[in-house]
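Notes follow once the structure below has been shown.
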Amino acid sequence: MSVFKLGELFCGPGGIAWGAVNAKCDNKDFRIEHQWATDYDRDTCDTYIRNICNNNPKSVVCHDIRKLNFDVLKELGSINALAFGFPCNDYSVVGEQKGMNGVYGPLYSYGIKAINEFKPDWFLAENVGGLRNANDGRAFQQILREMENAGYTLVPHLYKFEEYGIPQARHRVIIIGIKKTLDTVFRVPSPEKYADYDNTCRNAIENPPIPDDAPNNEFTKQSNTVIERLQYIKPGENAFTAQLPERLRLNVSGAKISQIYKRLDPDKPAYTVTGSGGGGTHIYHWSEDRALTNRERARLQTFKDDYVFCGSKESVRKQIGMAVPARGAQIIFEAVLKSFAGIEYKYVEPSLK
């Protein structure tokens, strides 16, 4: 089978899907096509429909997966490939790391259910790097065990997307599973060819300049206090490492999160784009006294400027922060296609470090 029909759970705004449908292989018979997707958030689903499958809006099911009958998905067509970036809230290093004991942790089980139900030739599962350590590592081992028991050979790897030319330090555990009955071996694509890429945040945001009429490019209003605070913060510094006057310091006890009012360093990839958080977490320009616009954040996630996000500014911020970098997903899917097509490519050994 050379055309893979992709089903997606927790599809988000379409970073994974964009990477999948745009993945190319020297053997053009090997490609990935959208079949169906599901997510619980209406704005997110609208974004996915608009950019991935606007000719087939009914192929996206907006529903809480805990209450979703998989027969609804089956009616939308059979699949032989599956992707799911299950919610990361309970595995995030920034969060409380409740793992399996959290509200979101057990949602991975719906990915396992889908694997057993649809029996795809291969699947891609994605989560934050913190997944490795949740519940003292037991959660990750349990997830891998259940995937393997479903009949798949697994290649889990911690992808550091900045090594692949992505203008953002974003580390994600991605597991590729291929049916044990298939004579196909997946290998982690080597980042070597991206070593000379200009993946600085300045290049991503400024080259080319964002058009005046670009969607999702509204500026956030900064209070006078925030503007004044930013004037003391140098590129790469945050509210705790900068030399701030007493009146502009933050009254924070306990952990001092390094991303609070942190300016980008224009000569490096951005720090991780997040989807939520209060004041000081919006990512700050290296020289202008302001937070980035959503379009600038989308560029750090390698979405093209014509990729329109639906919903309020806060909803769009969340969608962008939760997404997989579109071009990063494409690189991994192209390796999957080459694996099935029998095309050799440079690879590295999988690592979770």
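All values derive from a computational prediction rather than experimental measurement. In this chain, numbering begins with 1 at the start of the sequence shown.
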**Request:** Give a yes or no on whether the backbone of Ser339 and the side-chain of Thr184 come within a donor-acceptor separation of less than 3.5 Å.
**Result:** no

Pairs under 3.5 angstrom only: tabulate donor-acceptor contacts from the side chains of residues 67-74 to other protein residues two or more places apart or in another chain.
residue : atom : partner : partner atom : Å
Asn69   : OD1  : Asp71   : N            : 2.8
Lys74   : NZ   : Glu117  : OE2          : 2.6

**Side chain proximity check, Arg295 to Asp305, heavy atoms < 4.5 angstrom** = yes

**Message:** Does Lys304, at its NZ atom, have more than 12 non-hydrogen atoms belonging to other residues, nucleotides or ligands within less than 6.0 Å?
**Reply:** no

**Prompt:** Can Arg66 and Asp64 be counted as an ion pair, charged N to O under 4.0 angstrom?
**Reply:** yes

**Item:** Validation row: Tyr40, His63 side chains within 4.5 angstrom (heavy atoms)
**Value:** no

**Salt-bridge contact Lys160-Glu162 (side-chain N to carboxylate O under 4.0 Å)** = no

**Prompt:** Should the pair Phe123 and Tyr152 be assigned to parallel (<30°), tilted (30 to 60°) or perpendicular (>60°) ring geometry?
**Reply:** perpendicular

**Prompt:** How long is the gap from CD on Glu126 to CD1 on Ile332, to the nearest 0.5 Å?
**Reply:** 9.0 Å

**Prompt:** For Arg327, does its backbone N or O pair with a side-chain atom of Thr302 as donor and acceptor, under 3.5 Å?
**Reply:** yes

**Asked** Do side-chain atoms of Lys119 reach the backbone of Asn116 as a donor and acceptor pair under 3.5 angstrom?
**Response** yes

**Prompt:** If only atom types and distance count, is the side chain of Lys234 paired as donor or acceptor with the main-chain N or O of Trp286 below 3.5 Å?
**Reply:** no

**Message:** Does any part of the side chain of Glu146, heavy atoms only, come nearer than 4.5 Å to the side chain of Asn149, both counted from C-beta?
**Reply:** no

**Request:** Check whether any side-chain heavy atom of Ile79 sits under 4.5 Å from a side-chain heavy atom of Leu6, and report yes or no.
**Result:** no

**Distance-only donor-acceptor check, side chains Tyr271 and Gln168, under 3.5 Å** = no

**Item:** Which atom of Ala329 lies closest to which atom of Val324, heavy atoms considered
**Value:** CB-CG1, 4.1 Å

**Those residues that, when tested against Glu192, pass salt bridge (charged side-chain N to carboxylate O under 4.0 Å, His left out) (two or more places apart)** = Lys346

**Prompt:** Does one hydrophobic cluster hold both Ile227 and Leu292, with members joined at side-chain heavy-atom distances below 4.5 Å?
**Reply:** no

Donor-acceptor pairs are to be reported for all side-chain atoms of residues 17-29 against protein atoms at under 3.5 Å, with residues two or more places apart or in another chain.
residue : atom : partner : partner atom : Å
Asn22   : ND2  : Trp18   : O            : 2.9
Lys24   : NZ   : Asn22   : O            : 3.3
Asn27   : OD1  : Asp29   : N            : 3.0

**Chi angles and distances behind the salt bridge (charged side-chain N to carboxylate O under 4.0 Å, His left out) call for Arg247, Glu228** = CA-CA 11 Å; Arg247 60 190 166 80; Glu228 192 177 359; 2.7 Å; yes

**Prompt:** Side chain of Thr153, backbone of Lys180: donor and acceptor closer than 3.5 Å?
**Reply:** no

**Item:** Considering all heavy atoms, the nearest Ile52-Gly14 contact
**Value:** CD1-O, 4.0 Å

**Asked** Between Arg299 and Glu206, does at least one N-O distance fall below 4.0 Å, as a salt bridge requires?
**Response** no

**Request:** Kindly compute the distance separating CD (Gln319) from SG (Cys45), expressed to the nearest 0.5 Å.
**Result:** 9.5 Å

**Message:** Less than 4.5 Å apart, side chain to side chain, heavy atoms only: is that true for Asn238 and Thr241?
**Reply:** yes

**Request:** Give a yes or no answer on whether the side chain of Asp39 reaches the backbone of Leu9 with a donor-acceptor pair at less than 3.5 Å.
**Result:** no

**Asked** Is a side-chain N or O of Arg263 found less than 3.5 angstrom from the main chain of Ile233, in a donor-acceptor match?
**Response** yes

**Asked** Does a side-chain heavy-atom distance below 4.5 Å link Val173 with Ile175?
**Response** yes

**Prompt:** Looking only at heavy atoms, which two atoms of Asp198 and Asn203 are closest? And how far apart?
**Reply:** O-ND2, 3.1 Å

**Asked** Is it the case that Arg317 and His282 place a side-chain donor and acceptor less than 3.5 Å from each other?
**Response** yes

**Request:** Group every Ile, Leu, Val, Met, Phe, Trp and Tyr by side-chain heavy-atom contacts under 4.5 Å, then state whether Tyr164 and Val155 land in the same group.
**Result:** yes

**Message:** Measuring only between side-chain heavy atoms, which start at C-beta, is Cys201 closer than 4.5 Å to Leu300?
**Reply:** yes

**Prompt:** Salt bridge or not for Arg145 and Glu148, using N-O below 4.0 Å?
**Reply:** no

**Message:** So which atom in Leu244 and which in Ala239 form the shortest heavy-atom distance, rounded to 0.1 Å?
**Reply:** CD1-O, 3.3 Å

**Request:** Can you see which heavy atom on Leu82 is nearest to which on Ala114, and at what distance?
**Result:** CD2-CB, 3.8 Å

**Message:** Under 4.0 Å between a side-chain nitrogen and a carboxylate oxygen: does that hold for Arg50 and Asp46?
**Reply:** no

**Message:** Suppose we screen for ring-ring contact (aromatic ring centres under 6.0 Å, His included). Which residues come up paired with His157, at least two apart in sequence or across chains?
**Reply:** Tyr159

**Item:** Heavy-atom side-chain contact between Lys313 and Asn216 under 4.5 Å
**Value:** no

**Prompt:** Do the side chain of Asn217 and the main chain of Asp213 share a donor and acceptor less than 3.5 angstrom apart?
**Reply:** no

**Request:** Calculate, to the nearest 0.5 Å, the distance between atoms CD1 and OH belonging to Ile260 and Tyr284 respectively.
**Result:** 8.0 Å

**Message:** Regarding Arg229 and Asp289, does a basic nitrogen lie under 4.0 Å from an acidic carboxylate oxygen?
**Reply:** no

**Message:** Could you check whether Glu296 and His285, counting side-chain N and O atoms only, form a donor-acceptor pair closer than 3.5 Å?
**Reply:** no

**Request:** For Tyr345, check ring-ring contact (aromatic ring centres under 6.0 Å, His included) against everything at least two apart and list the hits.
**Result:** none

**Fill in**
Taken in chain and number order and not counting sequence neighbours, the residues that satisfy ring-ring contact (aromatic ring centres under 6.0 Å, His included) with Phe309 are Phe303, Tyr307

**Request:** Any chance you could lay out the side chain to side chain contact (heavy atoms under 4.5 Å, CB included) test for Ser276 and Lys318, step after step, and finish with the verdict?
**Result:** CA-CA 6 Å; Ser276 59; Lys318 179 181 177 183; 5.7 Å; no

**Request:** Dump the intermediate steps for ring pair (Phe, Tyr, Trp, His ring centres under 6.0 Å) on Phe4 and Phe340, then the final yes or no.
**Result:** CA-CA 10 Å; Phe4 296 105; Phe340 276 91; 4.9 Å; yes

**Request:** Look only at the side chain of Glu218 and the backbone of Thr293, and say whether a donor-acceptor pair between them is shorter than 3.5 Å.
**Result:** no

**Request:** Please step through side chain to side chain contact (heavy atoms under 4.5 Å, CB included) for the pair Asn127 and Tyr108, ending with a clear verdict.
**Result:** CA-CA 10 Å; Asn127 207 280; Tyr108 86 92; over 6 Å; no

